[in-house]
Amino acid sequence: MSKPGLDNRHHNQDGEIGQKHGAVLIGTLRKIYGQSFAAGYPATEKLSDILANLNETSLSQLRRDYKTGHLDHKVTNASS
């Protein structure tokens with residue numbers, strides 16, 4: 001993984017998440033992570049539109065599941 005940027009985010013991994021899962025709606029991610037995920041954004045917003053502005057808690061949840069390979073499965077299950 002790359003070194004964190006100025007704001008301690010791992011930009012390469014965040015970019016990969018955005019490319020692969022950018023079309024996922026925030027409402028879908030709230031089914032996985034709870035209603036506090038991406039607080040302040042509408043459920044109809046796409047992840048790619050707000051990824052750079054996510055708070056550290058929400059971003060950490062995404063990174064953890066992406067790194068362990070669980071994000072694909074969770075998104076698929078939450079979408080159905």
Side-chain angles (χ1 to χ4, degrees):
M1 186 166 25
S2 67
K3 291 183 179 180
L6 294 176
D7 61 356
N8 289 323
R9 293 177 185 228
H10 295 270
H11 295 287
N12 285 349
Q13 188 177 41
D14 294 351
E16 291 172 18
I17 292 170
Q19 286 178 335
K20 189 161 186 178
H21 300 287
V24 176
L25 296 177
I26 297 305
T28 301
L29 294 169
R30 286 185 179 143
K31 290 178 185 177
I32 300 167
Y33 300 112
Q35 291 302 308
S36 62
F37 184 87
Y41 293 98
T44 55
E45 203 66 55
K46 291 189 300 186
L47 177 61
S48 61
D49 294 335
I50 66 161
L51 184 61
N53 299 318
L54 279 179
N55 64 38
E56 189 59 37
T57 301
S58 295
L59 193 56
S60 293
Q61 292 172 314
L62 277 177
R63 277 193 202 125
R64 179 194 66 230
D65 284 343
Y66 182 78
K67 185 177 178 180
T68 61
H70 293 108
L71 188 57
D72 284 333
H73 178 70
K74 287 182 176 186
V75 167
T76 300
N77 284 345
S79 296
S80 38

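Scope of the values below: all heavy atoms of this structure, side chains included, with no hydrogens, waters or symmetry mates.
- Under a hydrophobic clustering in which Ile, Leu, Val, Met, Phe, Trp and Tyr are joined whenever their side-chain heavy atoms come within less than 4.5 Å, directly or via other members, I32 and L25 fall into different clusters.
- Closest heavy-atom contact between E45 and I50: CG-CG2, 3.5 Å.
- For Y33 and D65, the side-chain atoms include at least one donor-acceptor pair closer than 3.5 Å.
- In plain terms, the two heavy atoms of T28 and V75 that are nearest each other are CG2-O, 4.3 Å.
- Going from atom CG of N55 over to atom CZ of F37 covers 8.0 Å, rounded to the nearest 0.5 Å.
- For the residue pair I26 and P42, the shortest heavy atom distance occurs at CB-O, 3.8 Å.
- Within the 4.5 Å cutoff, no side-chain heavy atoms of L59 are placed close to those of I17.
- By the neighbour-count criterion of 12 heavy atoms within 6.0 Å, atom NZ of K46 is sparsely surrounded, having that number or fewer from other residues, nucleotides or ligands.
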**Report entry** CA sep, side-chain torsions, deciding dist, call: Y41, N53, side chain to side chain contact (heavy atoms under 4.5 Å, CB included)
**Finding:** CA-CA 10 Å; Y41 293 98; N53 299 318; 3.1 Å; yes
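- In this structure, L71 and R64 have side chains that are not in contact, with every pair of non-hydrogen atoms separated by 4.5 Å or more.
- A salt bridge links R63 with E56: the distance from a Lys NZ or Arg NE/NH1/NH2 to an Asp or Glu carboxylate oxygen falls below 4.0 Å.
- In terms of heavy atoms, S58 sits closest to S36 at OG-O, 4.3 Å.
- In this structure, H21 and L51 have side chains that are not in contact, with every pair of non-hydrogen atoms separated by 4.5 Å or more.
- The CG atom of L54 lies 9.5 Å from the CD atom of Q61; values are rounded to the nearest 0.5 Å.
- Taking each heavy atom of L29 and L62 in turn, the nearest pair found is CD2-CD2, 4.2 Å.
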